[in-house]
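Below, all heavy atoms of this structure are taken into account, side chains as well, without hydrogens, waters or symmetry copies. Reminder, nothing fancy here: chain letters follow the sequence lines and each chain counts from 1.
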Protein chains: 2
Amino acid sequence: MLITIDPASPQPLADQVAASVRAALASGLAAPGDRLPSARNVAATLGINLHTVLRGYQQLRDEGLVELRRGRTAVITEGADRLRLRLAEAAEEYARAALHAGATEEEALAAARQALLTMRD
Amino acid sequence: MLITIDPASPQPLADQVAASVRAALASGLAAPGDRLPSARNVAATLGINLHTVLRGYQQLRDEGLVELRRGRTAVITEGADRLRLRLAEAAEEYARAALHAGATEEEALAAARQALLTMRD
DNA sequence: CAACTGTTTGCTTTTGACTATAACACTGCA
DNA sequence: TGCAGTGTTATAGTCAAAAGCAAACAGTTG
């Protein structure tokens, strides 16, 4: 289970840590029951602060993807369904593109609905 | 051509200015050849700084949506209609990904809606 | 017990967004 | 031509969020 970041990216480091774990989960590189490396370990490896890593881990906990308890490393929960994650990732990417194209929420949803309909035939 | 912002949003004001223009463009409210209000005017109306508005305008220039020259107000370029095409393309790509991930139409729309909502902030 | 884990607290440093002010160079129009 | 209005550039200050630093705490594991 490898966690990587890009210090040059404007995205907050903690978000990148969480995104890195989500990506591993979505690609099947990590599965429920697996454990994440310890926050201190990740912090030392990446050359960032312990708090920053933990903030990323806590994002994942808030999303129900991992379970955190002191004394133990983070564990990937059973409910971390790969397909749903992939769907959420695709939706996130689409939302970003739609908003950047200047679409309102309604317009973006309408465009998605039409694309889904024409694709089902 | 109206430009609006939400001071309570965590999104940078300059980005909001640019997004507001893109939205007008995507919805057909603004068309190629139209001119944007002067940056000083917008800044005074919205109660924000001239630089902030200009930074938003420069984003649009970098995207090729408007043309900026000193002495004249910004002009919407001819190729600026392609934003709508981009939305349709993005929607099609998302639909393909969602169906491939095994999502139903309702699930795909729900995922898109949530992504749009969480991204609004 | 010993060595690890996440948790919490308090503080400092850094970074970026935004503001403020001013001068500059170009355009459009009376 | 004169002049008001435009975007451009430069410099500096303010503020909040992100990130870092340090230390103690409270669990788990072997």
Within residues 29-39 of chain A, the residues having a heavy atom closer than 4.0 Å to DNA chain D are none
Worksheet item: Any chance CZ of A:Arg84 has more than 12 other-residue heavy atoms, nucleotides or ligands included, within less than 6.0 Å?
Response: no
ask   = Touch check for A:Leu68, heavy atoms < 4.0 angstrom, all strands: base, sugar-phosphate only, or nothing?
value = sugar-phosphate
For A:Glu89 and A:Ala23, the nearest pair of non-hydrogen atoms, with its separation, is OE2-CA, 3.8 Å
Rounded to whole Å, CG of A:Asn41 lies from C1' of C:dA3 at a distance of 15 Å
Separation of C:dT5 atom P from A:Gln58 atom CD, nearest Å, is 16 Å
- Query: Quick one: the side chain of A:Arg72 and the base of D:dG27, do they pair up donor-acceptor inside 3.5 Å?
  - Reply: no
Practice task
Answer yes or no: is there a side-chain heavy-atom contact under 4.5 Å between A:Ile76 and A:Asp34?
Solution key: yes
All N/O donor-acceptor pairs, side-chain side in residues 9-18 of chain A, below 3.5 Å, sequence neighbours left out:
from: A:Ser9; atom 1: OG; to: A:Gln11; atom 2: N; distance (Å): 3.0
from: A:Asp15; atom 1: OD1; to: A:Gln59; atom 2: NE2; distance (Å): 2.5
from: A:Gln16; atom 1: OE1; to: A:Asp6; atom 2: N; distance (Å): 2.7
from: A:Gln16; atom 1: NE2; to: A:Asp6; atom 2: O; distance (Å): 3.2
from: A:Gln16; atom 1: NE2; to: A:Gln11; atom 2: O; distance (Å): 2.8

Here the distance between atom P of C:dT7 and atom CD of A:Gln59, to the nearest Å, is 14 Å
**Request:** Would you indicate what A:Glu67 reaches in the nucleic acid, counting non-hydrogen atoms under 4.0 angstrom: base, sugar-phosphate, or nothing?
**Result:** nothing
Rounded to whole Å, the CZ-P distance (A:Arg69 to D:dC25) equals 23 Å
message = Can you tell whether the side chains of A:Glu67 and A:Arg69 come within less than 4.0 Å, N to carboxylate O?
response = yes
A correct 5'-to-3' footprint of nucleotides 12-20 of chain C, with B, S and - meaning base, sugar-phosphate only and no protein heavy atom under 4.0 Å, is -----SBBB
Note to self: Would the distance check show the side chain of A:Thr77 and the main-chain N or O of A:Leu65 forming a donor-acceptor pair, the cut-off being under 3.5 Å?
What the structure shows: yes
note: A:Arg40, atom CZ; D:dC25, atom P; distance rounded to Å ~ 14 Å
note: B:Leu54, atom CG; C:dA23, atom C1'; distance rounded to Å ~ 15 Å
Rounded to whole Å, the CZ-C1' distance (B:Arg70 to D:dG7) equals 7 Å
| said: Please classify the nucleic acid contact of B:Gln16 as base, sugar-phosphate, or nothing, using heavy-atom distances under 4.0 Å. | reply: nothing
Note to self: Taking A:Glu105 first and then B:Arg113, would you say they form a salt bridge - that is, a charged N and a carboxylate O separated by under 4.0 Å?
What the structure shows: no
- request: Group every Ile, Leu, Val, Met, Phe, Trp and Tyr by side-chain heavy-atom contacts under 4.5 Å, then state whether A:Ile3 and A:Leu68 land in the same group.
  value: yes
Margin query: Are B:Val75 and B:Met1 linked, directly or through intermediate hydrophobic residues, by side-chain heavy-atom contacts shorter than 4.5 Å (ILVMFWY only)?
Written below: no
